[in-house]
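This report concerns only the one structure given below.
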Amino acid sequence: MGNLVGSWRFKEPSTVEECDSTWGSDSESDEAMAEDDSGMSDSVSPAESERAAGHSGDAALQLTDSPESAPKMKRSFYAARDLYKYRHSYPNYRKSRQPNEYRNLRFYMNKIPLVPDGIYIEEILSKWRGDYDKLEHNHTYIQWLFPLREQGLNFYAHELTQDEIKEFQSTREAKRRFLAAYSVMLDFYGIKLLDKSGNVARAPNWQERFQHLNEIFIFTSGFVYFRSHHNYLRITRILKSLGELGYEAFKAPLVRLFLEESLCNSTLPNMQHSVLEYFVYTIRLPATRRRLLRFARQHYRPAHAFLWGPPPKKGAGGSIGAGSSGIRAPAPTPEQHRRVEENTASASSRINVSSHDAILCQDLVGGGIKSLPDLSSYEAGLQEPLMLISGRRERSEFS
């Protein structure tokens with residue numbers, strides 16, 4: 001029996017729907033728990049209340065300016081699976097055979113420097129705050145500041161262990177420095193930490209930092225490149241690390257602010273997909289995710305393209321159609337049906353890649369996957385679409 005238990009492995013989900021339990025238990029009691037747990041409701045947040053007088057009119061106008069011709073998107077299975085594993089504490093995690101040296105905790109106790117740069121945590125906290133060039137271009141510190149139970153691209157950084165997490169959460173000095181590091185990164189993104197409950201708002205430097213966080217380059221070839229896409233990866237890591245080290249309640253206020261800025265105020269429109277596909281799903285409590293997604297659905301444009309709502313309900317005739325948006329697609333006329341059949345051959349050669357993946361493709365064309373800093377789960381999510389594009393392109397050229 002011992003051998004059977006020892007060799008048992010959790011069956012991993014194979015579809016986005018299996019990975020996403022957000023809408024599985026949609027009850028009012030859960031909603032109350034979520035509000036009590038996170039301090040978040042559908043009412044005005046601290047970030048909104050600070051600027052309500054000067055921005056309420058602008059937000060209403062910007063809601064109607066969302067583009068109606070956005071490329072067709074689909075949810076990423078690779079992102080959904082990665083975040084499913086995180087939310088469920090890595091069900092197939094194998095404990096390392098190496099001795100547990102608590103290197104992440106010792107780093108936060110200022111006893112060892114991060115590797116390979118040889119920098120101590122106190123130097124980062126005292127000298128790096130406001131040094132945005134250093135925070136932007138150095139890619140080795142983020143795995144040390146925000147450790148996870150998964151390997152990043154800095155192979156000198158050590159994965160967290162369950163024993164180390166328990167020790168970290170009971171060490172006041174380490175927790176104090178961790179929150180200070182979180183504050184440094186929030187300032188880098190133009191955000192300030194308001195209180196010990198995790199509430200956040202715009203910082204005085206928000207305009208400059210939001211512009212940087214939202215910046216894109218459009219090349220003459222037509223490719224679009226997110227200059228700050230690696231910062232979206234960093235934010236995903238930060239949110240995960242908050243949950244691992246005892247600050248799960250800090251996630252919802254930050255994600256809510258990003259939803260407001262990207263969907264309502266149009267200050268971070270290029271972050272929309274990352275917030276909905278990644279940031280929201282780092283939150284472990286389904287009721288809290290539902291509240292955030294309901295808020296997002298109210299403001300998302302075009303409304304019919306919202307992919308993150310409850311799955312369509314099946315009636316006597318099957319699915320209601322239109323994917324997760326829950327909008328019934330009109331039945332095709334005989335003429336439309338004939339045209340679809342005639343165009344089947346040409347339609348089969350088309351490629352549907354999510355806009356988020358397509359935007360990141362430019363980096364991969366230029367230098368390959370290894371050139372991207374701190375890819376985390378995005379790396380896996382792009383591999384299959386790129387291979388698919390390459391294979392279909394070769395077949396098209398051959399024919």
Side-chain angles (χ1 to χ4, degrees), residues 82 85-86 89-90 93-189 228-247 250 278 282 363 367-380:
D82 174 81
K85 291 178 181 178
Y86 164 76
S89 300
Y90 307 95
Y93 174 80
R94 290 186 176 181
K95 190 173 181 179
S96 174
R97 295 182 179 180
Q98 299 296 325
N100 194 339
E101 300 177 350
Y102 290 7
R103 293 182 66 85
N104 297 291
L105 177 58
R106 290 165 61 200
F107 168 70
Y108 262 102
M109 295 297 290
N110 209 44
K111 293 182 178 179
I112 61 172
L114 68 81
V115 182
D117 294 343
I119 303 170
Y120 285 84
I121 181 63
E122 276 301 323
E123 180 179 348
I124 294 175
L125 298 180
S126 61
K127 297 181 180 180
W128 286 34
R129 187 182 185 90
D131 191 340
Y132 300 141
D133 285 339
K134 184 172 290 184
L135 292 169
E136 174 68 25
H137 297 296
N138 186 306
H139 300 295
T140 60
Y141 70 89
I142 198 72
Q143 293 89 356
W144 286 88
L145 285 189
F146 301 98
L148 299 175
R149 293 173 58 198
E150 57 189 68
Q151 183 63 55
L153 292 186
N154 180 353
F155 295 102
Y156 295 104
H158 285 233
E159 299 175 23
L160 278 172
T161 65
Q162 290 178 320
D163 291 339
E164 187 176 21
I165 289 172
K166 293 177 182 177
E167 192 69 24
F168 196 108
Q169 292 180 358
S170 63
T171 306
R172 181 177 299 180
E173 185 178 356
K175 292 169 65 178
R176 177 185 62 79
R177 289 194 175 111
F178 179 75
L179 289 181
Y182 180 52
S183 179
V184 167
M185 294 307 297
L186 288 180
D187 175 75
F188 175 61
Y189 297 132
S228 202
H229 72 83
H230 66 279
N231 279 311
Y232 301 167
L233 302 174
R234 288 173 169 180
I235 292 169
T236 302
R237 184 181 189 93
I238 290 169
L239 288 165
K240 286 181 174 181
S241 190
L242 285 170
E244 294 285 32
L245 295 177
Y247 295 95
F250 279 47
Y278 292 87
T282 64
D363 253 6
I369 286 178
K370 292 183 179 179
S371 69
L372 286 174
D374 194 24
L375 267 176
S376 184
S377 60
Y378 286 78
E379 177 179 326

* To do: For residues Tyr102 and Asp163, report the shortest heavy-atom separation together with the two atoms involved.
  => OH-CB, 3.5 Å
* Chi angles and distances behind the side-chain contact (heavy atoms from CB on, under 4.5 Å) call for Glu150, Glu159 -> CA-CA 6 Å; Glu150 57 189 68; Glu159 299 175 23; 5.6 Å; no
* Asked: Hey, is Lys240 close enough to Glu244 for a salt bridge, meaning N to O under 4.0 Å?
  -> no
* Structure fact -> Correct closest heavy-atom pair for Leu125 and Arg129 would be O-CB, 4.4 Å
* So, for Ala157 and Gln143, which heavy atoms are closest and what is the spacing to 0.1 Å? -> CB-CB, 3.7 Å
* Asked: After noting the C-alpha distance and the side-chain angles of Leu233 and Tyr278, does the key distance pass the side-chain contact (heavy atoms from CB on, under 4.5 Å) rule?
  -> CA-CA 9 Å; Leu233 302 174; Tyr278 292 87; over 6 Å; no
* **Side chains of Asn154 and Thr140, donor plus acceptor under 3.5 Å** => no
* Asked: Do the two ring centres, one from Tyr108 and one from Phe168, sit under 6.0 Å apart?
  -> yes
* To do: Would you please test Ile119 and Tyr141 for side-chain contact (heavy atoms from CB on, under 4.5 Å) and show each step?
  => CA-CA 9 Å; Ile119 303 170; Tyr141 70 89; over 6 Å; no
* Asked: Is any side-chain heavy atom of Leu135 closer than 4.5 Å to a side-chain heavy atom of Val184?
  -> yes
* Provide the closest heavy-atom pair for Tyr120 versus Phe107 in the form atom of the first, atom of the second, distance. => C-CE1, 4.3 Å
* Do Asn231 and Tyr189 have side-chain atoms, one donor and one acceptor, less than 3.5 Å apart? -> yes
* To do: Identify the two heavy atoms, one from Trp144 and one from Val115, that lie closest to each other, and give their separation to 0.1 Å.
  => NE1-O, 3.0 Å
* Kindly give the heavy-atom pair with the smallest separation between Gly130 and Asp187, and that separation in Å. => N-OD2, 4.0 Å
* Between Thr161 and Arg149, is a side-chain contact (heavy atoms from CB on, under 4.5 Å) present by the stated rule, with each step listed? -> CA-CA 6 Å; Thr161 65; Arg149 293 173 58 198; over 6 Å; no
* Is the shortest side-chain N to carboxylate O distance from Lys127 to Glu122 below 4.0 Å? -> no
* To do: Compute whether any side-chain donor of one residue and acceptor of the other, for His158 and Arg106, lie under 3.5 angstrom apart.
  => no
* Phe146 ring center near Phe178 ring center (under 6.0 Å) -> yes
